[in-house]
Amino acid sequence: MKKLMLGNEAIARGAFEAGVRVASSYPGTPSTEITEFIAKYDEIYAEWAPNEKVAVEAASGAAIAGARALSAMKHVGLNVAADPLFTMSYIGVNAGLVLCVADDPGMHSSQNEQDSRNYAVAAKLPMLEPADSGDCRDFMKKAYEISEQFDTPVLIRLTTRVAHSQSEVELFPREEREVKPYEKNTPKNVMIPAYARPKHVVVEDRMSALANYNETSDLNKVIHGSSKIGFITAGIAYQYAKEAFPEASFLKLGMIHPLPERLIREFVASVDICYVVEELDPVLERQIKAMGLPVHGKDIMPVIGEYSAAMMREKINGEISKPAFKGDSTIPVRPPVMCPGCSHRGVFYVLNKLKLTVSGDIGCYSLGSMKPLDSMDSIICMGASISALHGMEKAQGRAFAEKSVAVLGDSTFLHSGITGLIDMVYNKGTSTVIILDNSITGMTGHQHNPATGFTIKGEPARQVDLKELCHAVGVDRVVVADPFDVENFEKILREELSAEEPSVIIAQRPCALLKKAGYTGCCEITDACKNCKLCMRLGCPAISLTESGPVINDTLCNGCGLCMNVCKFGAIVKK
């Protein structure tokens, strides 16, 4: 049977067919759907871990214990998981272990344009890169064979376009695999220096064996065309090159590390001119040029952003394509904004009003940096808001702490914010932290986390009490407040800023897209409006400004009532 599938769905299908038993991940666009689709298979235990490091450690434990396992994450999540990743390269596996990482060229939903292929090189691990959904399913099954044959974790790299595009996938039944017996093996699984030193030799020998394997692997395809021009490429870049130059010859690499040197040499010799086409870093090109082969790559192709067939034709042939549609240049831009009724809007309204320095974090609330709220001074990485604020206070002194806060979501706090709070308490910081508790992991599509009380499959679970957790790490001042009660929230915030000890405000209100938010009706502006435009400072997409004053679009308004709380003249009412 054949079916159209997203690349992420096909990855999940491949894991199912390969007999995977355990999957542990942390959501991150563009990888999130992999684990969501896996959770639909009852044969696979699936979970959302608090962060990617924990997820890879859980999957590694399952593989050591004899069950085929998987962990999926986005590219910056692999940074978090790098510690176990490098050591598992030395340990190897008992049953197969595959780690899926989704890169984001063009930064559609990310803070950088990192190329995860560099991790495969640095950690000395095999990496496969599918070019479509069919490859995704096939490569997953092959990855588990390679993992067990060569006693190694295997990386599979996707990019946004492969993860989120659809193509045809042929479905096969699951190959059920019994859990392998676990046997104690201290020299293999315990990486103290005495055991790790000889394992490095094993890793180097393994990479040589993998390179030989890759010379004849069916993961790589030579597609013969014109001998005048050839392309060495992989993943989505192959699709662009094939569309731009259908008459050319192609070496479509499936295993992109380690490279098949003999195969590459033969291909380059078979064409008059050869291009290495890859988005982001010249990972393939560097290695191929190190072989002494005359290829072109980043000398004509950019190292920034996504590629396209039109861009390739322009760079290689000088052809400038006419746009398929010429839009009106007067159309205004539409920057991303928080949803109508967003539980975070009240917090950022108050932060902007008080002109505080805000150490920000990764989540929906990152949009608090956009105008008119304009309430974010820094965003570094998941969980960094608290640690960075602590460093700011140590650099600037107590007076700085009285005019600054850290903001982060409930899921981000559990991901990696807790340790920053411990650092602040232990090292006698006095700053104020606001945990934006919207009862869900919002930015990546409403996944559960340890604070929601439900598992990935919707089963009831022990719920982390954020207030008690903060008390447990030594914060005495912990206040729960409704951010839509803006007057009270401002009062609480002023009190906590003035306290010469660490404090936490839990801004608690459900995400507007959850049923339990309970919003009904919509708001409207009456004749009592004085045209003060205070409601416009909320940045709510349902409120716009006309010549006669602010108006509320009842097709966008969900009746959250925040604007009613802000209006000083009672000019906004619920209908």
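Only heavy atoms go into these numbers, but all of them, side chains included; no hydrogens, no water, no symmetry mates. Numbering starts at 1 and runs along the sequence shown.
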Are the side chain of R137 and the backbone of A10 linked by a donor-acceptor contact shorter than 3.5 Å?
no
Chi angles and distances behind the salt bridge (charged side-chain N to carboxylate O under 4.0 Å, His left out) call for D281, K298
CA-CA 9 Å; D281 294 344; K298 298 301 180 183; over 6 Å; no
Looking only at side chains, do N189 and N185 share a donor and an acceptor under 3.5 Å apart?
no
Does a donor on one side chain and an acceptor on the other come within less than 3.5 Å for S147 and R68?
no
Main-chain N/O of S366 paired with S369 side-chain donor or acceptor, under 3.5 Å:
yes
Nearest heavy-atom approach of V222 to L263 is CG2-CD1, 4.0 Å
Could you check if a side-chain atom of N220 sits within less than 4.5 angstrom of a side-chain atom of P260, using non-hydrogen atoms only?
yes
Over 60° means perpendicular and under 30° means parallel, so tell me whether Y119 and F86 are parallel, tilted or perpendicular.
perpendicular
Taking C-beta and beyond as the side chain, do M311 and P302 meet within less than 4.5 Å on heavy atoms?
yes
Nearest non-hydrogen partners of T441 and H448, listed with the distance:
OG1-O, 4.1 Å
A side-chain contact here means heavy atoms from C-beta on lying under 4.5 Å apart; do L78 and E52 qualify?
no
Spell out, as yes or no, whether a donor-acceptor pair under 3.5 Å connects the side chain of E47 to the backbone of I456.
no
If only atom types and distance count, is the side chain of Q287 paired as donor or acceptor with the main-chain N or O of V283 below 3.5 Å?
yes
Heavy-atom nearest pair, T444 first then P27, reads OG1-CB, 3.6 Å
Decide yes or no on side chain to side chain contact (heavy atoms under 4.5 Å, CB included) for V169 and E9, but give the supporting numbers first.
CA-CA 10 Å; V169 178; E9 184 180 4; over 6 Å; no
Side chain to side chain contact (heavy atoms under 4.5 Å, CB included) between I44 and R174, worked out:
CA-CA 11 Å; I44 304 176; R174 177 175 170 86; 4.0 Å; yes
Closest non-hydrogen atoms of N94 and K180, given as atom of the first, atom of the second and distance, are O-NZ, 3.1 Å
Could you walk me through whether Y213 and F150 pass the ring-ring contact (aromatic ring centres under 6.0 Å, His included) check?
CA-CA 10 Å; Y213 168 88; F150 292 93; 5.3 Å; yes
Assign the ring pair Y238 / F250 to parallel, tilted or perpendicular, where the plane angle (0 to 90°) is split at 30° and 60°.
perpendicular
Under 3.5 Å side-chain donor-acceptor pair for E36 and Q447
yes
Run through R206, K199, K188 and flag the one making a salt bridge (Lys or Arg N to Asp or Glu O under 4.0 Å) with D151.
K188
Test item: H296 side-chain N/O and I316 main-chain N/O as donor-acceptor pair under 3.5 Å:
no
Given E129, which of R117, M255, E278, H257 fulfils the side chain to side chain contact (heavy atoms under 4.5 Å, CB included) condition?
R117
Please tell me if the side chains of K289 and V295 come closer than 4.5 Å, counting only heavy atoms from C-beta onward.
yes
Donor on one side chain, acceptor on other, Y240 and T233, under 3.5 Å
no
No-hydrogen, no-angle side-chain donor-acceptor test under 3.5 Å, H415 and N449:
no
Taking all atoms of both residues into account, what is the closest heavy-atom pair of I11 and C100, and its distance?
CG2-SG, 3.8 Å
Of all residues at least two apart in sequence or in a different chain, which pass the salt bridge (Lys or Arg N to Asp or Glu O under 4.0 Å) check with D135?
K252
Counting only heavy atoms from other residues, nucleotides and ligands, does the tally under 6.0 Å from CD of E178 exceed 12?
no
Does K228 have more than 12 heavy atoms from other residues, nucleotides or ligands lying within 6.0 Å of its NZ?
no
Quick check for you: to the nearest 0.5 Å, what is the distance between E17 atom CD and E176 atom CD?
12.5 Å
Rounded to the nearest 0.5 Å, what separation is found between the CG atom of L251 and the OG atom of S270?
9.0 Å
Residues, nucleotides or ligands: over 12 heavy atoms within 6.0 Å of Y426 OH
no
Might you point out which heavy atoms bring P258 and A211 nearest each other, and give the distance in Å?
CG-N, 3.5 Å
Evaluate the salt bridge (charged side-chain N to carboxylate O under 4.0 Å, His left out) criterion for residues E57 and K53: first the C-alpha distance (whole Å), next the side-chain angles of each, then the deciding distance (0.1 Å), finally the verdict.
CA-CA 6 Å; E57 290 163 349; K53 179 178 184 290; 2.5 Å; yes
Are the side chain of D103 and the backbone of T159 linked by a donor-acceptor contact shorter than 3.5 Å?
no
Separation between CD (E243) and OG (S308), nearest 0.5 Å, reads 8.5 Å
Under the side chain to side chain contact (heavy atoms under 4.5 Å, CB included) rule, what do V80 and V56 come out as? Steps first, then yes or no, please.
CA-CA 10 Å; V80 181; V56 170; over 6 Å; no
Do F267 and S249 have side chains that approach each other closer than 4.5 Å (heavy atoms only, starting at C-beta)?
yes
Is the number of heavy atoms from other residues, nucleotides or ligands under 6.0 Å of I192 CD1 greater than 12?
yes
Any chance you could lay out the salt bridge (charged side-chain N to carboxylate O under 4.0 Å, His left out) test for E145 and K141, step after step, and finish with the verdict?
CA-CA 7 Å; E145 295 174 11; K141 297 180 78 171; over 6 Å; no
So, E148 side chain and G96 main chain: donor-acceptor pair closer than 3.5 Å or not?
yes
State the CE-CD distance between M291 and E261, to the nearest 0.5 angstrom.
4.5 Å
Carefully, step by step, assess Y275 and D299 under the rule side chain to side chain contact (heavy atoms under 4.5 Å, CB included).
CA-CA 10 Å; Y275 295 91; D299 52 334; over 6 Å; no
Just wondering, do V203 and S89 contact through their side chains at under 4.5 Å, heavy atoms?
yes
Can you see whether T29 engages S109 through a side-chain donor-acceptor pair at a distance of less than 3.5 angstrom?
no
Would you indicate whether the side-chain heavy atoms of F37 and M5 approach each other to under 4.5 Å?
no
Distance alone, cut at 3.5 Å: any donor-acceptor contact between the side chains of S110 and D104?
yes
State which residue, out of V271, V277, V268, fulfils the side chain to side chain contact (heavy atoms under 4.5 Å, CB included) condition with I232.
V268
Donor-acceptor check, side chain of S133 to backbone of Q166, threshold 3.5 angstrom: yes or no?
no
Min side-chain heavy-atom separation R161-H108 under 4.5 Å
yes
Answer yes or no: is there a donor N or O on one side and an acceptor on the other, between the side chain of K394 and the main chain of N427, under 3.5 Å?
yes
Do E168 side-chain atoms and K2 backbone N/O form a donor-acceptor pair below 3.5 Å?
no
About how many Å separate OG of S387 and CD1 of I380, when rounded to the nearest 0.5 Å?
8.5 Å
